[in-house]
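Here's the structure we're looking at; comments come further down.
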Amino acid sequence: MEEEFFRRDSKAVAKDLLGTRIRIEGLEAEITETEAYMEDDPASHAHGGKTERTRIMYESTGRIYVYLCYGIHHLLNITTNPDSAGCVLIRAAKPLEGLEKMRQRRDIEDETNLLNGPGKLCEAFGVDKDLNGSSYRSLGLEKSRSPKYETSGRIGISKAQDRQLRFYVPGSKYLSR
DNA sequence: CGGTCGATTCGCT
DNA sequence: GCGAATCGACCGT
């Protein structure tokens, strides 16, 4: 996967990341759900202009943006086209390898509950702010298939919930809520 | 420098 | 279904 893959509209990248495998330190999963963000979006951190935190979305392509949500959960994003300060949030995935390590970190057995949410996914993979600013290459991304997908309004945000910016594999057992 | 609030998750009712 | 947990970015004073 090349950097040019990310130098596109965040909606296109969000769609194409479905069916992509992510691999970190022996743990592997296939992405089942993503969400697109862009500057022209009241729910995006980038909405309202460039700050120290959002600088990465304005100035980079294919870089990892991790942020701490509610002081508890880390959320994993990849920056896309900087012209629109875009990024894609990885929301859910199907576990493929390293399930025992994921269970250990998540303190739960059910495999459908290991990665079915952006905070859960980061906990299982051990993702935290140390990854912030790194290249997408740290995620070992590998497109394994191009599944059918659907879009929906977004989950868990307070603004512009109706925008069709959530992308997911319909029928997957590994989706958030 | 204090107040507010959030792209979530979990546990309890 | 509802509320708490808990940190830091951001904004107004």
Side-chain angles (χ1 to χ4, degrees), chain A residues 6 9-18 20 22 29 31-60 62-82 84-95 101-134 136 139 149-169 172-177:
Chain A
F6 297 99
D9 183 278
S10 57
K11 292 194 292 291
V13 177
K15 179 194 64 156
D16 288 339
L17 279 175
L18 298 177
T20 297
I22 177 173
I31 297 171
T32 57
E33 180 179 335
T34 58
E35 222 165 62
Y37 289 88
M38 62 277 299
E39 184 179 32
D40 171 27
D41 175 358
S44 172
H45 291 162
H47 187 69
K50 189 193 293 188
T51 67
E52 192 50 43
R53 179 171 66 148
T54 62
R55 174 198 235 23
I56 188 169
M57 291 186 266
Y58 287 90
E59 298 183 355
S60 77
R63 292 256 296 267
I64 296 169
Y65 168 48
V66 175
Y67 108 97
L68 185 62
C69 184
Y70 289 94
I72 304 171
H73 306 288
H74 292 278
L75 305 202
L76 174 63
N77 302 262
I78 307 172
T79 63
T80 60
N81 184 356
S84 58
C87 74
V88 173
L89 170 68
I90 311 300
R91 285 195 58 89
K94 171 184 178 177
K101 185 68 175 177
M102 295 179 188
R103 288 190 172 101
Q104 181 186 323
R105 284 175 168 158
R106 293 268 302 117
D107 192 29
I108 200 167
E109 287 297 313
D110 180 10
E111 71 166 64
T112 67
N113 199 19
L114 291 175
L115 307 174
N116 61 332
K120 298 176 183 180
L121 186 148
C122 284
E123 183 175 33
F125 271 95
V127 168
D128 60 23
K129 296 196 81 171
D130 289 350
L131 261 189
N132 192 44
S134 300
Y136 71 93
L139 303 177
Y149 74 95
E150 290 180 1
T151 65
S152 81
R154 293 172 296 177
I155 294 180
I157 60 170
S158 56
K159 297 173 181 173
Q161 300 175 340
D162 47 321
R163 287 214 199 175
Q164 299 294 296
L165 295 175
R166 171 177 173 251
F167 297 77
Y168 63 97
V169 179
S172 170
K173 293 183 298 184
Y174 307 93
L175 301 178
S176 66
R177 299 189 253 184

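Per chain, numbering begins at 1; letters A, B, ... match sequence-line order. Because the structure is predicted, anything quoted here is derived from the model rather than measured.
Among C:dT6, C:dC10, C:dC7, the nucleotide with an atom closest to any side-chain atom of A:Arg53 is C:dC10. Distance from the side chain of A:Leu68 is smallest to C:dC7 among C:dC10, B:dG6, C:dC7. Distances were taken from every side-chain heavy atom of A:His73 (C-beta onward) to each of B:dC10, B:dT9, C:dC10; the shortest belongs to B:dT9. Considering only side-chain atoms of A:Lys120, the nucleotide from B:dT9, B:dG6, C:dC10 that sits closest is B:dT9.
Between the CZ atom of A:Arg163 and the P atom of B:dA7 there is a distance of 14 Å, given to the nearest Å. Rounding to whole angstrom units, CD of residue A:Gln161 and P of B:dT8 are separated by 10 Å. Residue A:Asp107 contributes atom CG, which lies 12 Å from atom C1' of B:dC10 at whole-angstrom precision. For the pair A:Tyr70 OH and B:dT9 C1', the interatomic distance rounds to 10 Å; values are reported in whole Å. Spacing between atom NE2 of A:His74 and atom P of C:dG8 amounts to 9 Å, rounded to whole angstrom units. Summarising the geometry, the separation between NZ on A:Lys50 and P on C:dC10 is reported as 13 Å, rounded to the nearest angstrom. Spacing between atom OH of A:Tyr67 and atom C1' of B:dC5 amounts to 10 Å, rounded to whole angstrom units. Whole-Å rounding puts the A:Ile90 CD1 to B:dT8 P distance at 14 Å.
Within 4.0 Å of A:Arg106, counting heavy atoms only, lie sugar-phosphate atoms of the nucleic acid but no base atom. Using a 4.0 Å heavy-atom cutoff across all strands shown, A:Arg154 reaches no nucleic acid atom at all. Contact annotation for A:Lys159: no contact, since no heavy-atom pair falls under 4.0 Å across all strands. Within 4.0 Å (heavy atoms only), A:Ser44 reaches no atom of the nucleic acid at all. When heavy atoms are screened at a 4.0 angstrom cut-off, A:Ser176 is found touching no nucleic acid atom at all. Across all strands shown, A:Ile157 has heavy atoms under 4.0 Å from sugar-phosphate atoms exclusively, and none from any base.
Proximity of a side-chain donor or acceptor of A:Arg154 to a complementary backbone N or O of A:Ala160 within less than 3.5 Å is detected.
Listed pair A:Arg177 / B:dC10 fails the phosphate criterion, with no side-chain N or O lying under 4.0 Å from OP1 or OP2. In this model, the phosphate group of B:dA7 is approached by a side-chain N or O of A:Ser158 to a distance below 4.0 Å at OP1 or OP2. For the pair A:Lys129 and C:dA9, the criterion of a side-chain N or O lying under 4.0 Å from OP1 or OP2 is met.
Contact of A:His45 with B:dA7 (side chain to base): a donor-acceptor pair of N or O atoms is detected under 3.5 Å.
Looking at A:Tyr168, A:Phe167, A:Tyr174 one by one, the single match for side chain to side chain contact (heavy atoms under 4.5 Å, CB included) with A:Glu33 turns out to be A:Tyr168. Among A:Lys15, A:Arg91, A:Arg166, the single residue meeting the salt bridge (charged side-chain N to carboxylate O under 4.0 Å, His left out) criterion with A:Glu35 is A:Arg91. Tested against A:Tyr65 for a side chain to side chain contact (heavy atoms under 4.5 Å, CB included), the candidates A:Leu75, A:Asn77, A:Leu89 yield a single pass: A:Asn77.
Aromatic ring centroids of A:Tyr67 and A:His74 lie 6.0 Å or more apart.
If you check B:dG6 for Watson-Crick or wobble pairing at under 3.5 angstrom, you find it paired to C:dC7.
In this structure, A:Asp110 places its CG atom where more than 12 heavy-atom neighbours from other residues, nucleotides or ligands lie under 6.0 Å away.
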